[in-house]
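Just so you know, these numbers come straight off a predicted model, no measurement behind them. We're numbering straight along the sequence, starting at 1.
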Amino acid sequence: MGSNGFAQSDGNNSPGGLRGARGNVLVELKRLQPVTAKDLADRMEMSLNAIRHHLKELESADLISHVREYKGVGAPAFLYRLNESGEALFPRRYQQTLDHVLDHLIARDGREAAVALFEARFREVASRLREELQDRSPDERAQVVARYLAEEGYMPEWHGVEDSEDGVGALVEYNCPILAVAERFPEICAAEARF
């Protein structure tokens, strides 16, 4: 189940396990986005009220969003599209693709090359953050790193020096967004710790 209460995509034309009209609306949004409710109703041969009802429900479930578009005089048009949660209901093959690329790299250049690839990524990020970290206290630097890790999906929490009994801060991560890769390459965790 996704955080929106719907199952993840089962790989057929029914995204996230949504069947019937609501699932069909998501599929049409994927094909046409951005699209107005009227254009969607025409395309799906449904009443405008029915489409608006489904759009409202999908927006309440945080699967779609809309923007207003002004075209001259009159009321604005509302253009609907899938948001990140809605897009996540459709099949993705990132993990399989990454596994294939890593397997190819290992076969060609050895396991060390795959590990070096991830280590280089952490070095690149450290280099990018270096300027932002200059002239900051250790606590402020840790907060900058925690913010970066949050953007990357690690769900970090910085416990500053003032929060600890022993005068040592701690950066705790509650999620590993590359868990499947880290399980294959535990060396990545060491590279992350060095970062």
Grab the two heavy atoms, one from [X] and one from [Y], that are nearest each other, plus how far apart they are.
X	Y	result
Leu149	Pro156	CB-CG, 3.8 Å
Ala170	Trp158	O-CE3, 3.2 Å
Cys176	Tyr154	CA-CD2, 4.5 Å
Leu129	Phe195	CD1-CZ, 4.1 Å
Ala37	Leu55	CB-CD1, 3.7 Å

Option among Leu89, Leu63, Leu26 that satisfies the side chain to side chain contact (heavy atoms under 4.5 Å, CB included) test with Leu82: Leu26

Once salt bridge (Lys or Arg N to Asp or Glu O under 4.0 Å) is applied, do any residues pair with [X], and if so which ones, sequence neighbours excluded?
X	value
Asp39	none
Arg141	none
Glu69	Lys71
Arg136	none

Starting from [X], walk the hydrophobic network (Ile, Leu, Val, Met, Phe, Trp, Tyr; side-chain heavy atoms closer than 4.5 Å) and list everyone else you reach, by chain and number.
X	value
Tyr174	Met155, Val172
Leu48	none
Leu79	Val67
Val101	none

In sequence, state the C-alpha distance, the side-chain angles, and the governing distance for Val25 and Glu57, and then conclude on side-chain contact (heavy atoms from CB on, under 4.5 Å). CA-CA 11 Å; Val25 169; Glu57 292 295 318; over 6 Å; no

Check whether any side-chain heavy atom of [X] sits under 4.5 Å from a side-chain heavy atom of [Y], and report yes or no.
X	Y	value
Arg81	Leu29	no
Met46	His53	no
Ile178	Arg184	no

How long is the span from the [atom1] atom in [X] to the [atom2] atom in [Y], to the nearest 0.5 Å?
X	Y	atom1	atom2	result
Asp139	His159	CG	NE2	12.0 Å
Leu133	Gln143	CG	CD	11.5 Å
His100	Leu105	NE2	CG	11.5 Å
Asp99	Asp103	CG	CG	6.0 Å
Arg31	Gln33	CZ	CD	12.0 Å

Summary of salt bridge (charged side-chain N to carboxylate O under 4.0 Å, His left out) pairs that have at least one residue in residues 115-129, sequence neighbours excluded: Glu119-Arg194, Arg121-Glu152, Glu124-Arg128

Look at atom CD of Gln96 and say whether more than 12 heavy atoms of other residues, nucleotides or ligands are closer to it than 6.0 Å. yes

Do Asn24 and Glu28 have side-chain N/O donor and acceptor atoms under 3.5 Å apart? no

Checking Glu87 against Asn83: is there a side-chain donor and acceptor pair closer than 3.5 Å? no

Anything under 3.5 Å between a donor and an acceptor, one on a side chain of residues 185-193, the other on a protein residue two or more places apart or in another chain? List them.
| residue | atom | partner | partner atom | Å |
| --- | --- | --- | --- | --- |
| Glu187 | OE1 | Arg111 | NH2 | 3.1 |
| Glu187 | OE2 | Arg111 | NE | 3.0 |
| Glu187 | OE2 | Arg111 | NH2 | 3.4 |

Qualifying residues under side-chain hydrogen bond (donor to acceptor under 3.5 Å, both in side chains), relative to Asn175, sequence neighbours excluded: none

Return the set of residues passing side chain to side chain contact (heavy atoms under 4.5 Å, CB included) with Phe78 (not counting sequence neighbours), or none when no residue passes. His66, Arg68, Tyr80

Evaluation steps, side-chain contact (heavy atoms from CB on, under 4.5 Å), between Glu132 and Arg147: CA-CA 12 Å; Glu132 191 175 350; Arg147 187 182 70 235; 2.3 Å; yes

